[in-house]
Every structure is written in structure tokens, then in C-alpha cells.
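Here's the structure, in C-alpha cells; my notes come after.
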Amino acid sequence: MPVFLSGVPLHVLLVHAVVVLVPLAVLATLTVALWPAARRRYGWLAVGVAAAATASVPLATSSGEDLRDRLAPTDLIRQHAHLGDQLLVFVAGLLAATVALVWFDRRVGRDAPGAARRLPSRPVTLGLAAATIALAAVSAVQVVRIGDSGARAAWAQTHYTAPQHQDGDD
């Protein structure tokens with residue numbers, strides 16, 4: 001994978017997919033976990049968004065590792081890389097929990113009214129919904145932590161000054 005694209009680090013571009021898709025997946029999965037009617041109607045769409053978010057994470061981490069290898073090592077960069085490496089576990093878990101929730105809900109909905117069920121549907125659905133909610137929360141928090149550490153790593157040495165007014169400026 002190239003490290004730069006037209007002089008811009010590829011990581012800086014790819015990380016925007018994560019920054020958009022993971023929160024979007026969090027919102028979508030929370031919606032289907034908390035709202036059964038939305039689960040039946042939009043459940044597989046939420047799974048698709050979560051899958052896209054999951055796929056974006058390794059692209060961002062791989063490009064980040066390539067960029068890290070070209071930078072002077074600092075504690076801030078190490079912390080950012082460490083946090084970034086953890087995100088895939090949470091987002092992949094969110095995807096798996098959402099798939100299980102939507103699949104189980106669809107399967108229970110197809111059962112005949114008098115059919116014998118092997119598992120009680122309500123506790124399983126509630127458990128899968130709780131897992132989805134927990135993993136969505138952890139994924140959201142982790143994205144914020146990673147973004148904050150990345151911003152600190154990139155901008156910690158930048159010092160801003162107050163704008164200087166020139167003659168003729170109103």
C-alpha cells in the first residue's frame with residue numbers, strides 16, 4: 001500500500017472512512033438493537049454499515065503503520081498506534097453481535113405460531129441486543145480516544161499565535 005497519495009499521507013485520508021463509518025455503524029446498530037420494528041425493516045442495512053466500518057479499520061491501521069515507520073518515534077505515536085490496534089476487535093464484535101441479533105430475530109419471526117422453540121426467544125434477543133449496545137458504546141468511545149490521540153500526535157508540537165492585524169484590515 002502506498003504511504004502517500006499526491007503528497008498527502010494515505011493514513012490521513014483513510015482514517016476519515018473510520019471516523020465516518022464507525023459512528024454511523026454505532027447509530028445504525030443501536031437503532032436496530034433498541035427498536036424491534038427498525039430491526040425487522042433495516043437490520044440487514046445496519047449489518048452492511050457495520051461490515052463497511054469493520055473493513056475500513058484494517059485499511060486505516062495498515063496505512064498508519066506504514067506512516068509510523070517513516071516518522072520519528074514518540075510516546076504519542078505509540079499510544080495512538082496501540083489504541084488503533086484495539087479498534088478492530090470492538091468493531092468486528094459489533095458486527096458479529098448485530099448479525100446474530102438480526103438473524104435470530106428473523107428466524108424467530110419465521111417460526112409458526114405454535115411451533116416448539118429450542119431456545120426462549122425473548123432472553124436470547126435481549127442478550128444479543130445488550131451485547132450490541134455494549135459493543136456499540138465501546139466502539140464509539142474507542143474511536144474518540146483514537147482520534148484524540150492521533151490529533152495530539154500530529155499537533156502536539158504546533159503552537160498557534162493570535163492573528164496579527166495589518167494596516168487596512170477592519
Do L94 and T98 come within less than 4.5 Å of each other through their side chains, counting heavy atoms only?
yes
Are the side chain of Q142 and the backbone of L83 linked by a donor-acceptor contact shorter than 3.5 Å?
yes
Separation between CZ (R152) and OG (S149), nearest 0.5 Å, reads 9.0 Å
State, with a plain yes or no, whether a side-chain heavy atom of L10 is found less than 4.5 Å away from one of F4.
no
Return yes if some donor-acceptor pair links the side-chain N/O of H11 with the main-chain N/O of A60 below 3.5 Å, else return no.
yes
Can you get from V57 to I146 by hopping between Ile, Leu, Val, Met, Phe, Trp and Tyr side chains that sit under 4.5 Å apart?
yes
Side chains of L88 and T61: does their closest heavy-atom pair fall under 4.5 Å?
no
If Ile, Leu, Val, Met, Phe, Trp and Tyr residues are connected whenever their side-chain heavy atoms lie under 4.5 Å apart, and connections chain through other members, are L95 and V26 in the same group?
no
Minimum heavy-atom separation for A97 to L135, with atom names?
CB-CD1, 4.0 Å
Should V91 and V99 be counted in the same cluster of Ile, Leu, Val, Met, Phe, Trp and Tyr side chains packed under 4.5 Å apart?
no
Under 3.5 Å donor-acceptor, R40 side chain and R106 backbone
no
Can you tell me how far apart CG (L14) and CG (L67) are? Round to the nearest 0.5 Å.
11.0 Å
Close side-chain approach of W44 and W103, heavy atoms under 4.5 Å:
yes
Short N-O contact, R70 and D66, less than 4.0 angstrom
no
Go through the structure and list residues passing salt bridge (charged side-chain N to carboxylate O under 4.0 Å, His left out) with D75, not counting sequence neighbours.
R78
Under 4.5 Å between side-chain heavy atoms, counting indirect links through other Ile/Leu/Val/Met/Phe/Trp/Tyr residues: same cluster for V124 and V32 or not?
no
Tracing side-chain links under 4.5 Å among I, L, V, M, F, W and Y, which residues wind up in one group with L24?
V49
Let me confirm one number: the CG-OG distance from L87 to S56, rounded to the nearest 0.5 Å.
8.0 Å
According to a 4.5 Å side-chain heavy-atom criterion applied to Ile, Leu, Val, Met, Phe, Trp and Tyr, with indirect links allowed, do V3 and I77 form part of one hydrophobic cluster?
yes
To the nearest 0.5 angstrom, please state how far the OG atom of S6 sits from the CG atom of L13.
9.0 Å
Check whether any side-chain heavy atom of L76 sits under 4.5 Å from a side-chain heavy atom of Q79, and report yes or no.
yes
Inter-residue atom distance F104.CZ - R39.CZ, 0.5 Å rounding
10.5 Å
In this structure, CG of L21 is separated from NE2 of H16 (nearest 0.5 Å) by 12.0 Å
